[in-house]
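Below, chains carry the letters A, B, ... as their sequence lines are ordered, and counting in each starts from 1. The figures here come from the full heavy-atom set of this structure, side chains too, leaving out hydrogens, waters and symmetry mates.
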Amino acid sequence: MKTKFVPKNIESYLYDFWEKKKFFSPNYKNKEGNFCIVIPPPNITGELHMGHAFQQTLMDIIIRYQRIKGKNTFWQTGTDHAGIATQVLIEKKFFKLKENRKENNKKKLIKKIWEWKKKLNFKINNQMRCLGNSIDWSKERFTLDKDMSIAVRKSFIKLYKNKLIYKSKKLSNWDVSLRTVISDLEVEYRQVSSKMWNICYPIVKDNINNEQEFLVISTTRPETLFGDVAISVHPNDIRYKKYIGKFVCVPLTNRIIPIISDNEIDVNKGTGCVKITPAHDFKDYEIAKRNNLPMINIFKKNGKLRSSLQFFDSNGDQLFDVNFFVPLIFKNLNRYEVRKKVIFEINKLGLLKEEKIIQNVVPYGDRTGTIIEPMLTDQWYLNTKPLSILAIKSVKKGNIKFIPDKYKNVFFSWMENINDWCISRQLWWGHQIPVWYDKKNNIYVGNDENEIREKYKISKDIILTQEKDVLDTWFSSGLWCFASLGWPKQTDLFKNFYPTDVLVTGFDIIFFWVSRMILLSTYLVKDKCGNSQVPFKKVIVTGLIRDEFGKKMSKSQGNVIDPLDIIHGISLSDLIKKRTKFISNKETIQSISNFIKFNFPNGIEAFGTDSLRFYFSFLSTPKQDINWNYSRLKFCKNFCTKLWNASRFVFIYIKEININTENKKINLSFPDQWILIELNELIKKYDFEMKNYRFDVVAQNLYDFFWNKFCDWYLEFSKIIRINQKKIELEGTRYSLKKVLLAILILLHPIIPYITEYIWKEMKKIDSVHNKESILEESFPSVFSIDANEKIIKQEMDWFQKKIIELRNIRIKSHFHPKDMVFLYLKNIDCKNKKYFEKYENYLKKMSFLEEILFLSDEKMEFNNKFKKIDGAECLMLKK
RNA sequence: GGGUGAUUAGCUCAGGUGGUAGAGCGCCUCCUUUACACGGAGGAUGUCGGCGGUUCAAUUCCGUCAUCGCCCACCA
């Protein structure tokens with residue numbers, strides 16, 4: 001073994017070795033049962049970030065642990081097509097925004113995305129290999145695979161047949177830049193300061209001679225006045241009660257609309273008068289439905305004002321288009337230009353009462369960052385309420401457990417207040433909805449056109465066209481747990497590994513993904529008895545890794561830490577380039593470069609995968625936010641180095657004392673017994689904490705045992721035994737060293753696979769007793785039975801270690817060099833302690849560099865107050 | 001507004017079922033000793049956010065306040 005531990009020298013070839021030998025494939029011979037994890041499929045939009053690396057490491061730790069425990073393990077991998085995110089990315093990257101989304105571009109774009117997918121998939125898989133993920137690559141899947149499509153269609157058809165999927169015209173979240181609808185979850189509300197205007201609406205006089213009166217409404221969106229259908233006040237608002245039932249004239253458009261009352265109006269907000277724009281506001285939409293008001297759509301799909309307004313009744317049925325309500329000057333303007341102009345014109349008319357700045361909350365599309373426009377559109381919905389009952393039940397019954405438990409309540413509160421899920425998207429990249437229309441817009445749902453024609457006996461003369469919309473990407477992701485295993489086919493994988501055991505994911509996608517998987521799985525997948533199947537038995541919810549200062553890592557902040565850079569290292573100049581790549585502001589670039597130059601003057605050193613993985617296991621506390629911490633990462637690398645060096649020592653020892661200790665009754669000395677007792681305790685704790693998924697505690701326990709017990713004490717004992725050269729002792733120590741090191745390697749292997757495999761192989765070279773090829777074939781270390789009173793051994797070791805520390809202290813206080821040979825005088829020591837001193841004299845002398853231990857009674861020697869106290873005895877150290 | 005989490009050594013964080021506070025880094029002193037200076041030996045440092053309560057005993061349980069965070073809802 002080389003004297004220096006260099007991660008890159010061992011990591012790359014070991015992964016190839018594992019892969020070639022197919023160690024990661026399911027091995028149905030194992031008797032301890034099956035164990036499966038499906039990966040949360042990374043989006044093909046980009047390479048893996050620290051969060052992925054973190055979560056995947058935890059998954060790999062679990063998988064490797066279960067494998068060593070004798071389970072037949074399988075880790076399903078794959079990637080997600082990530083509908084919106086990917087299409088946005090490719091449109092931006094390769095197509096000019098203006099020419100996109102024309103039907104003749106569709107093929108080009110899809111082709112480009114597939115090329116991109118291939119490239120990214122390669123990169124992502126390579127990263128996963130670097131991380132040491134024990135994945136069976138032959139089973140890799142993609143959410144747009146043909147088999148996935150089968151599962152998607154099967155699910156859609158079943159849900160449609162059972163009347164849980166329906167098409168409807170409703171107010172939906174419209175992203176004008178993407179020109180698609182998005183679901184409630186994809187809307188992100190941001191606190192912003194915006195302008196609020198008070199506008200006068202003239203009340204229609206019931207008598208020509210009456211004075212002109214006005215109702216003043218408050219609005220942040222004056223451009224929507226073209227879609228006003230009423231003014232509403234609270235029925236008990238004494239200020240406005242008298243106007244209820246009268247009419248106002250909408251400024252600029254000269255439409256007459258009624259003044260109505262509604263209990264939902266808040267008298268304290270704005271002026272207490274609300275303009276009702278049902279086609280562009282969710283609350284107004286509800287008010288319109290309650291009060292049987294019409295709805296007016298005023299925007300085109302790109303957010304520009306329509307020249308002819310679309311009128312609908314309160315059920316969403318289109319009534320007529322009217323083209324004389326919008327003045328020519330507003331034609332073809334986008335919503336913000338309209339807003340500006342409306343205010344300008346209204347002011348000109350003297351109808352603008354007030355303008356002020358307020359703090360309010362505005363909905364944005366989470367992928368595009370554009371303000372969402374509520375619009376009346378035809379969309380496909382999944383009625384989630386009936387499904388949620390099954391989902392809630394399976395979690396309540398404990399068939400699915402959340403870890404940490406608190407997330408259960410997050411899940412319940414969302415499930416109990418769930419709204420119908422809008423599953424259609426006006427995009428190209430995704431699963432096209434399996435619905436066909438004839439000329440009369442009759443709907444046919446099925447696997448393909450031929451099947452439908454046959455089933456409904458539709459002649460070839462009738463043209464059928466497929467629904468152009470695709471499904472929300474989360475619809476297919478929601479099937480991932482079972483569809484990736486082969487469902488609806490009863491494949492070996494599905495039969496053996498479903499329901500899956502553990503899902504490791506972040507709290508940020510509990511609603512997007514975890515909940516939807518539970519919803520769809522419990523409804524769609526049943527066991528032989530017809531009981532709902534859960535997609536996974538446990539969900540481990542991890543925290544989010546932030547930078548050293550607790551800030552979210554983001555490209556625009558220039559604070560992203562790339563897991564590969566930690567593994568392989570990166571030079572200063574490359575690091576600066578990488579972190580400033582997505583930033584345009586020169587000052588920001590400068591400050592980021594300065595920060596990097598100051599903190600990483602030599603770039604980032606190569607820590608290697610194992611160090612990173614050991615570090616990750618320390619980070620896996622049940623916290624919501626996890627701060628990056630270089631000093632701990634460094635410590636983790638030091639740990640690997642220590643393991644390397646300690647192993648080297650053990651090998652030197654084993655080689656030198658070449659006694660065969662196999663199949664032989666071994667006499668264990670005091671330190672041997674002690675370290676094996678400690679190892680037993682470690683094994684028990686390790687198992688317990690692994691089952692609790694407290695990898696931080698596992699790592700801490702392993703560290704503590706290995707460093708503080710094995711290296712600091714046991715190896716020191718072994719050196720003394722080596723000096724003593726007593727054959728019986730040497731045998732015992734050689735045996736124990738081997739047993740303990742092997743156990744440590746196996747226990748550490750799930751966390752730090754490379755270095756443990758490497759050392760294991762080295763160990764095999766020196767002292768081979770079996771024909772296993774890899775540490776992956778080792779079994780979990782069993783607890784050793786010790787032929788001694790464990791309690792007494794531990795007590796005496798405790799006494800011994802305390803004594804050594806006391807002696808070291810006396811040495812330091814007496815200003816002796818650590819290796820000076822000294823005489824130790826003990827005066828008036830009690831019997832019990834004297835017994836121990838005599839019993840462990842040899843170890844004490846060697847470990848503390850004592851020439852002699854001398855027991856004195858009172859009279860023989862005066863210590864002149866220079867003595868220190870040990871166990872009540874006076875103690876003096878003198879140089880030879 | 002509803003929910004939820006956090007507050008422990010200078011920094012980053014552990015502390016299942018209450019019983020004299022732990023780790024890593026950092027700091028101070030000493031040591032290049034034949035596995036390791038990415039090391040060894042020794043040391044300093046905490047009224048465990050504030051205030052109340054339960055208890056023989058509370059960092060741990062309950063209440064309350066303060067500060068910070070997250071999630072959900074919300075374009076008047």
Whole angstroms only, please: what is the [atom1]-[atom2] distance between [X] and [N]?
X        : N      : atom1 : atom2 : answer
A:Asn268 : B:rG1  : CG    : C1'   : 14 Å
A:Lys406 : B:rG5  : NZ    : C1'   : 5 Å
A:Lys269 : B:rC74 : NZ    : P     : 11 Å
A:Gln191 : B:rC70 : CD    : P     : 13 Å
A:Asn629 : B:rA23 : CG    : C1'   : 12 Å
A:Leu702 : B:rG24 : CG    : P     : 15 Å
A:Asp284 : B:rC74 : CG    : C1'   : 13 Å
A:Glu223 : B:rA76 : CD    : P     : 13 Å

Euclidean distance for [atom1], [N] against [M] (whole angstrom):
N      : M      : atom1 : answer
B:rG69 : B:rC62 : P     : 25 Å
B:rC27 : B:rC71 : P     : 37 Å
B:rG49 : B:rC13 : P     : 15 Å
B:rU59 : B:rA21 : P     : 10 Å
B:rG24 : B:rC38 : C1'   : 14 Å
B:rG19 : B:rA23 : C1'   : 22 Å
B:rC31 : B:rA37 : C1'   : 10 Å
B:rU32 : B:rA41 : P     : 15 Å

- Message: Side chain of A:Gln624, heavy atoms from C-beta onward: which of B:rC75, B:rG69, B:rA35 has the nearest atom to it?
- Response: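 Closest nucleotide to the A:Gln624 side chain: B:rG69.
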
- Item | Listed nucleotide nearest any side-chain atom of A:Ile652, set B:rA35, B:rA76, B:rC75 |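 That would be B:rA35.
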
Under 3.5 Å on both distances, the Watson-Crick or G-U partner of [N]:
N      : value
B:rC27 : B:rG43
B:rA14 : none
B:rU4  : B:rG69
B:rC51 : B:rG63
B:rA21 : none

Pairs under 3.5 Å (N/O, protein and nucleotides 36-44 of chain B):
from: B:rC36; atom 1: O4'; to: A:Asn645; atom 2: ND2; distance (Å): 3.4
from: B:rC36; atom 1: O2'; to: A:Asn645; atom 2: ND2; distance (Å): 3.2
from: B:rC36; atom 1: O2; to: A:Lys642; atom 2: NZ; distance (Å): 3.0
from: B:rC36; atom 1: N3; to: A:Lys642; atom 2: NZ; distance (Å): 3.2
from: B:rC38; atom 1: O4'; to: A:Asn638; atom 2: OD1; distance (Å): 3.3
from: B:rC38; atom 1: O2; to: A:Asn638; atom 2: OD1; distance (Å): 3.3
from: B:rC38; atom 1: O2; to: A:Thr641; atom 2: OG1; distance (Å): 2.6
from: B:rC38; atom 1: N4; to: A:Lys4; atom 2: NZ; distance (Å): 3.4
from: B:rG39; atom 1: OP1; to: A:Asn638; atom 2: ND2; distance (Å): 3.1
from: B:rG39; atom 1: O3'; to: A:Lys642; atom 2: NZ; distance (Å): 3.1
from: B:rG40; atom 1: OP1; to: A:Lys642; atom 2: NZ; distance (Å): 2.9
from: B:rG40; atom 1: OP1; to: A:Trp707; atom 2: NE1; distance (Å): 2.6
from: B:rA41; atom 1: O3'; to: A:Arg808; atom 2: NH1; distance (Å): 3.1
from: B:rG42; atom 1: OP1; to: A:Arg808; atom 2: NH1; distance (Å): 3.3
from: B:rG42; atom 1: O3'; to: A:Asn809; atom 2: OD1; distance (Å): 3.4
from: B:rG42; atom 1: O3'; to: A:Asn809; atom 2: ND2; distance (Å): 3.2
from: B:rG42; atom 1: O2'; to: A:Asn809; atom 2: OD1; distance (Å): 3.0
from: B:rG43; atom 1: OP1; to: A:Asn809; atom 2: ND2; distance (Å): 3.4

Verify the neighbour count for atom [atom1] of [X]: are there more than 12 heavy atoms of other residues, nucleotides or ligands below 6.0 Å?
X        : atom1 : result
A:Lys538 : NZ    : no
A:Lys353 : NZ    : no
A:Lys385 : NZ    : yes

Could you list all N or O pairs between the protein and nucleotides 13-22 of chain B that sit under 3.5 Å apart?
from: B:rA14; atom 1: OP1; to: A:Thr621; atom 2: OG1; distance (Å): 3.0
from: B:rA14; atom 1: O3'; to: A:Arg694; atom 2: NH2; distance (Å): 3.1
from: B:rG15; atom 1: OP1; to: A:Arg694; atom 2: NH1; distance (Å): 2.7
from: B:rG15; atom 1: OP1; to: A:Arg694; atom 2: NH2; distance (Å): 2.7

- Task: Evaluate ring-ring contact (aromatic ring centres under 6.0 Å, His included) for A:Phe595 paired with A:Phe549, printing each intermediate quantity in order.
- Result: CA-CA 13 Å; A:Phe595 174 85; A:Phe549 308 102; 5.8 Å; yes

- Can you check whether A:Gly227's main-chain N or O pairs, donor with acceptor, with A:Thr224's side chain at less than 3.5 Å?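 Checked: no pair found.
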
- Query: Any donor-acceptor pair under 3.5 Å linking the side chain of A:Asp704 with the backbone of A:Gln700?
  - Reply: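 Not confirmed, A:Asp704 side chain does not pair with A:Gln700 backbone.
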
- Task: Would you check if A:Met763 and A:Ser647 make a side-chain contact, meaning some heavy-atom pair closer than 4.5 Å?
- Result: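 No, too far: nothing below the 4.5 Å cut-off.
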
- Task: Taking the side chain as every heavy atom from C-beta outward, state whether A:Tyr714 and A:Glu678 have any atom pair closer than 4.5 Å.
- Result: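 Side-chain contact under 4.5 Å: no.
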
Mind checking if [X] touches a base, just sugar-phosphate, or nothing, with heavy atoms under 4.0 Å?
X        : result
A:Ile510 : nothing
A:Ser413 : nothing
A:Arg190 : nothing
A:Val361 : base
A:Val274 : base
A:Glu373 : nothing
A:Leu715 : base

- Looking at A:Tyr843, does the NZ or CZ of A:Lys803 lie under 6.0 angstrom from its six-membered ring centre and within 45 degrees of the ring axis?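 No - A:Lys803 does not lie over the ring of A:Tyr843 by the 6.0 Å and 45° rule.
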
- Earlier contact from the 5' end, RNA chain B, for A:Phe511 and A:Arg335: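 In this pair, the answer is A:Phe511.
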
- Item | B:rC25 OP1/OP2 closer than 4.0 Å to side-chain N/O of A:Tyr630 |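 A:Tyr630 to B:rC25 OP1/OP2: no side-chain N or O under 4.0 Å.
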
- Counting just side-chain N and O atoms, does A:His817 come under 4.0 Å of either OP1 or OP2 of B:rU32?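 Yes, within the criterion.
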
- Task: Please work out whether B:rG16 sits syn or anti, treating a glycosidic angle within 90° of 0 as syn.
- Result: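 This nucleotide is in syn.
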
Could you check whether [X] pairs with [Y] (Lys NZ or Arg NE/NH1/NH2 to Asp/Glu carboxylate O, under 4.0 Å)?
X        : Y        : value
A:Glu716 : A:Lys719 : yes
A:Lys283 : A:Glu264 : no
A:Lys765 : A:Glu762 : yes

